[in-house]
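Let me begin by presenting the structure, written as C-alpha cells, before commenting on it.
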Amino acid sequence: MKKIVCYGCNLGCGLYFGDVPYFRKNSPVNSGKICRFGMKIHRYEKVLPKVDGKNVELDDAIAAAAKKLADVKEMAFVSFGDVTCEEQLAFNKLAEAFESDVHTCIPRFIGANIEKIRQSKEIITFIDPYTSYPLILRHMLHAKKNGAKITSYYWKKLRIADESVILNPAEIDKIKSINFGDSLVITDLNPLNLDFSNEIIKSCNAENIVCLKPFLNSTGASLISDGEKSIYQIFEEIKEKKIKGLYLLESDLGIVPDDTLMAALDELEVLIVQQSMRNALSDRADIVLCGDRKFEGKGTVLNFEGRVLENEGGTEGIKILTDILKSVGEEINYDKMHAEVLSKLGINEIDEYIVPKYDIKYKQREAEIKNYEGDAHLVYAYNPFMWNNVIDRDFVEISPSLVESLNLHKDELLKMTSSKGSVAVKYKINNAMPDNIVLSPMKLPISTDIVTPVNFKEP
Amino acid sequence: MKIGDCVVAWSKDEELRKMGASGGLVTSLLVGALETELVDEVIALRKISEFEGVPIRTSDTDEAIRSAGSLHAAPINLTKFAVRFFEEHPDGAIALPVKPCDCRGIIEQAKRRKIDMDRIYLIGLNCGGTMDPITTMEMLEKMYEMDPKKIVEEEILKGKLIFKTEEEEKAISIDEVEEAGYGRRESCRYCGINIPMMADLACGNWGAGEDETFVEILTEKGLRLMKSAVDHGLIETAPAPEKGIKIREKTNSVMENVAKTWYEKVFVPIEDRSERMKYYMDAMEDCIDCEACKYVCPVCSCDESKCIGFYDPMDSHKISIYHLIRLLHLADSCIGCGQCTDVCPAEIPLTILHKRVADRIQAKYDYIPGIDMKTPPFFEVE
Amino acid sequence: MEEEWIPKITLFCCNWCSYAGSDDAGVGRKQQPPTTRTIRVMCSGRTDPAFVLAALLEGSDAVLFTGCHIGDCHYISGNYKAKKKFEMLKEVVDELGLEDERLQLQWISASEGSEFAAYINKVTEEIEAIGPSPLRQEWMK
C-alpha cells in the first residue's frame, strides 16, 4: 500500500492506498481519519487521451499539444494545484517556455496552523466543517471540549457553534463590522469567493486566520506559480480574445456557479486539458492528455498550514510535461524538479510533523464585497465533492417553515425561479435553516453566483 | 509437543532473534508456514517506524522477515484483510499474528461464513493494549520529554510504559499516563481479554526469559505450525518452567482487574430514559456520513449493507438510521475493539455507544462474541 | 392554529392471522380509534427491525409487531423469527431511552376481531398517556 495524501481539499489528510483506501493512523493532520470523500477517492472514471474528439495514443496527443502550443500565441496556463509541487513546477517551466505564467486562481496566503485551533479559547468560523473541510471538525471539537467559545457566521445554524449568526445575502457587507479581536478565525480561500475571504483576511491579524483551501496542493501551487488572474478574469479575457488558447492542468473551470460562462471556451483556438478524471471539461477539450489518477502522482504537497507532505506514486504527469518541453529543447525530470522544490521551500528533507515558517505577504484585492438583491436566495454550499464535480447530494436544504408556507408534501419537489430560469429539486427539511435561504450542495443550472436571488412563484 | 503444552521458544536465526520481539518466534512461525507450504500467504505489519506499521499480505518470506518486531502504537485490526484474502482465494490458506481482538473479529467473521477456520492459522499474541500513534507522540514530547523520532523500542513491563532511545530509557507508570489522557486506547483499557485462548497458539513474553517467547499450544493447527517450524530448523523450544507459567497467570489476572476497574469507570449506566435518549442523539449528531466505521469494523459482514441501504442523506431524522441499524446489527457481535472510534472523523465515541447496547444483549443471552464458535443469538431460532 | 396531536401507531400485520384479525374487527364493527397505520407483511418474520426503526424516525409514536400465535405460523417458524427480532430490537430501543409502550409484540389470530380492537384501544390510551415520541420532529404531521 502506498502512502498518499487525499486530494479532496488542502487539509493534507494522509492515508494508504492499495486497491482501496486504508487508514494511516500516524498521519499528522488527520490521525488516519478520512471523510466521506476520502473514503471514495478512487471511484472515478479515468479519461483517455484524445485529439479532436478521437481516441489516440498518448504520444500522439502529446505531439498534437506541442504543435498547437507552437502555433497559438496568447496561451494561458492554469493549474489550481491539484498536482504535486514537482508537477506544478514542471508546468511553470512549460509556461515560461511560451512566455507565460501559471495561474492558480487562489492568492498566496498561509495563516495559522492546526495546533492553534486546538489551543484556541475563542473561534469564529465562516465555514461549515460538517460539509466542507470535514477533518477540521475534530480539531474544533477538541478546542470546544477545552472550553473554547465557537461563533459561526454561516448560511445556517451550525451544531458546533455556541452562537450561530446567520448570514443574510442582502446584508452580506455586515461582515465588515465584525469585531474579530483576538479570536481565531477559520475561513477558506477558494477561486469563487475571493472577495469575501479578502474582506476577512484584511480585517484581522494573519496569525489568527486559519485559511483552508480547496485543492490538494493549493498552497504549494500558489507558492510556486506567479500568475495572479482570478477564474472570472480568465473567462473575461477569453471573451475579449486576449486569451486564445488554454492549457488546464487538473483544473476544472466548470466549478464556476454560472454555467453560461463555460460557453466562452468555444471561442478558444485550442483547449488543452491534462487531467485524469473524465468530466464535462474533458469531453469538450480539443486535446486531452491523461496522467496518473489525482492521488497517484509522486512528489511533494503543501497543506494549508504549509506542512510539507509526501505523496508516493508515479511520475506520469511530469513525463507528459517533459515530453512537451523536449519539443522546445528543454530537458527536465522528476529528480531535478524535486531538488528545486526543496530548495524553493528552504528545506533539506521532508518532515510531516513539523510546520516550517513562511514569510508571505498577502496581496490585498481591490474589489469590494457586494450585497445581493432579493428576499430569498439560493446558496451554493461547497464541499470536496463540488471541486471534483461529483454530485453525491442531489437535494437542497430548507427550513420547516418554508416547507409549511409553500405547502410542500413529502416527495414533492421544490420549485425555484431565478433570472436564468426555473428548476425543481428534491429538498431536505433542516431545523437549522433560516427561512430565506435554500442551501444547495450541488450546482444548480439556475445559479448565477455562489448566491443567487430566487423566488418560489410558478414561472 | 502436544495440544495443551506450554513451551518457551525462539528463533534459531540469530539476527531474527534480535530483530523480532521476544526472540523472533512469531516471524519464524510465519516464515515456516510459508516455507513448508502450510499457507499461501501471510498477513503482517511492515514496520516503518515505532509509530507506523503498514498491513501487508505476502507470500514472500523475505517480506515476512522484514515485518519482524512488535508495534504497540499501530492499532490496526487485521480481520478485514483476512476476509479479503478469502474473498480472493476461497480455497487458500493463510497465517497471521493476531491480538485477541483480531482473533475475535476473525471468529465472528467465520461464523458468518466469510472466513474458513480450517484454513486460517492464528498465531495469538498476548496483548496489554495498543496506543494511538499521534497521541503517543504527543505524550513522548510532553511527559517523557523525548523526541518521538529517536525512539527505538517501547515496552510495557510491570505496570510501566517504557520508551528507549539509543542513549536513554524512561519509564512512567501506565496509571499516571492514562490519568493524563495518554497511554493505551480507551477500548484497550477496559478490554479484559489479554491472552488469546481462542487462537491456535497463544504467544507472549509473560513468563518467558530474555529473547524467548512463551507459547501455549491450543489447537491441532497450532501444533502443526510449531512442528513444521521445528522440523524445518527455524525455531528451538524448551518446556516452559513452572515459574513462568505462574508469572503468566498472575500478569493476566492483574490485567483483568485493571480492565474491570476501567470498565466500571467508563460505562457508568445512565438510569434516566430521557437522559439516555439525549446522550445517544447528541453523540451521533456530529456524524458526517463517511461510513468509515462500517468499513473498518472487523465484525461487520453484510454484503449489501442494510445500514447504508436504509439511510438516505435527505432524511431529516433525529438520529441517523444508519447508526441505529448498526447498533442493532452489532448488538450480538460487537467485540469492543475500538476501531470505529479510531477512524471516526467527528470523534464520536462509537465503540462506547455500541458496547453500551451490545453488553446488554450479550449479557441477556449469555453470549461473548469471538471466543468460540457458539451460534450468535440472532441466528438462533428455537 | 396548532393542530391537536393524535397518536400515530404503525401496525405490522401478518397476512394470515393478524391482518385477518383486524379485518374481523372491521367486519364485526368493533369500535377502535383512528390511530393506526397498518402495513401488511406476508409473515411477521418479514418485519425487518429496520422497518420499525424507520417508522419510529418518520414520526410514529408507537410500532406494533403482530402475527400468528406461536405454533400457528403459516410458514411454520416465521413468528419465532419475529419474536427473536423483536426481543433484540426491544433491548436496543430500550437502551436508546424509548418507553416500553412504544414497541410492542402481540399475537392475534384471524378470528380475534374483538381482541384486536381492544388491543388497539389499549395501546392508543397508553400512548396518549405518555405523549408524542421524542424521535418525532416537531414539524412531522
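Letters A, B, ... mirror the listed sequences (proteins, then strands); counts begin at 1. These figures come from a predicted structure and were not determined experimentally.
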Evaluate the side chain to side chain contact (heavy atoms under 4.5 Å, CB included) criterion for residues B:Val54 and A:Tyr22: first the C-alpha distance (whole Å), next the side-chain angles of each, then the deciding distance (0.1 Å), finally the verdict. CA-CA 10 Å; B:Val54 192; A:Tyr22 195 73; over 6 Å; no
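Proximity of B:Lys149 to A:Asp351: side-chain heavy atoms (C-beta onward) are separated by under 4.5 Å at one or more points. A heavy-atom distance below 4.5 Å is found between the side chains of B:Ile288 and A:Cys35. Proximity of B:Met314 to A:Lys426: side-chain heavy atoms (C-beta onward) are separated by under 4.5 Å at one or more points. At least one side-chain heavy atom of B:Pro313 sits less than 4.5 Å from a side-chain heavy atom of A:Phe395. The closest side-chain heavy-atom distance from A:Arg393 to B:Asp289 is below 4.5 Å. Using a 4.5 Å cut-off on side-chain heavy atoms (C-beta onward), B:Pro148 and A:Tyr353 make no contact. The shortest distance between side-chain heavy atoms of B:Met137 and A:Asn26 falls below 4.5 Å.
Residue A:Glu349 places its CD atom among 12 or fewer non-hydrogen atoms of other residues, nucleotides or ligands, all under 6.0 Å distant. For B:Glu138, the CD atom counts as densely surrounded, since its 6.0 Å shell holds more than 12 non-hydrogen atoms of other residues, nucleotides or ligands. Heavy atoms from other residues, nucleotides or ligands lying under 6.0 Å from NZ of A:Lys2 number 12 at most. By the 6.0 Å contact criterion, NZ on A:Lys157 is open, its count of non-hydrogen atoms from other residues, nucleotides or ligands being 12 or less. Within a 6.0 Å radius of NZ in A:Lys121, other residues, nucleotides and ligands contribute more than 12 heavy atoms.
We find that A:Lys25 and B:Asp342 are joined by a salt bridge, their nearest charged nitrogen and carboxylate oxygen being less than 4.0 Å apart. Ion pairing of B:Glu52 with A:Arg24 is present here, as a side-chain N (NZ or NE/NH1/NH2) and a carboxylate O approach within less than 4.0 Å. Salt bridge present: B:Glu285 and A:Arg159 bring a charged side-chain N and a carboxylate O closer than 4.0 Å. With salt bridges taken as basic N to acidic carboxylate O contacts below 4.0 Å, none links B:Asp315 and A:Lys428.
To the nearest 0.5 angstrom, B:Lys294 atom NZ is 8.5 Å from A:Met39 atom CE. In this structure, NZ on A:Lys40 lies 9.0 Å from SG on B:Cys290, to the nearest 0.5 angstrom.
Looking at A:Ser27, only its backbone comes within 4.5 Å of chain B, counting heavy atoms on both sides. In this structure, chain B has heavy atoms under 4.5 Å from both the backbone and the side chain of A:Tyr130. Proximity to chain B (any heavy atom under 4.5 Å) is restricted, for A:Asp19, to the side chain, taken from C-beta onward. With a 4.5 Å cut-off on non-hydrogen atoms, A:Ile429 touches chain B through its backbone and its side chain both. Contacts of B:Arg84 with chain A are made by side-chain atoms alone, with heavy-atom separations under 4.5 Å and no backbone atom involved. Within the 4.5 angstrom heavy-atom criterion, no atom of B:Lys80 approaches chain A. Proximity to chain A involves both the backbone and the side chain of B:Pro75, based on heavy atoms less than 4.5 angstrom apart. Heavy-atom distances place no part of A:Ile160 under 4.5 Å from chain B, backbone and side chain included.
Comparing B:Ala73, B:Ser49, B:Pro55 by how many heavy-atom pairs each has under 4.5 Å with chain A, the most go to B:Pro55. The choice from B:Asp286, B:Ile48, B:Ile76 that makes the most heavy-atom pairs within less than 4.5 Å of chain A is B:Asp286.
When atom types are taken as modelled, the side chain of A:Lys33 and the backbone of B:Cys344 share a donor-acceptor pair closer than 3.5 angstrom.
For the pair A:Tyr16 and B:Gly53, the tightest heavy-atom approach, listed with the atom from each and the gap, is OH-O, 3.9 Å.
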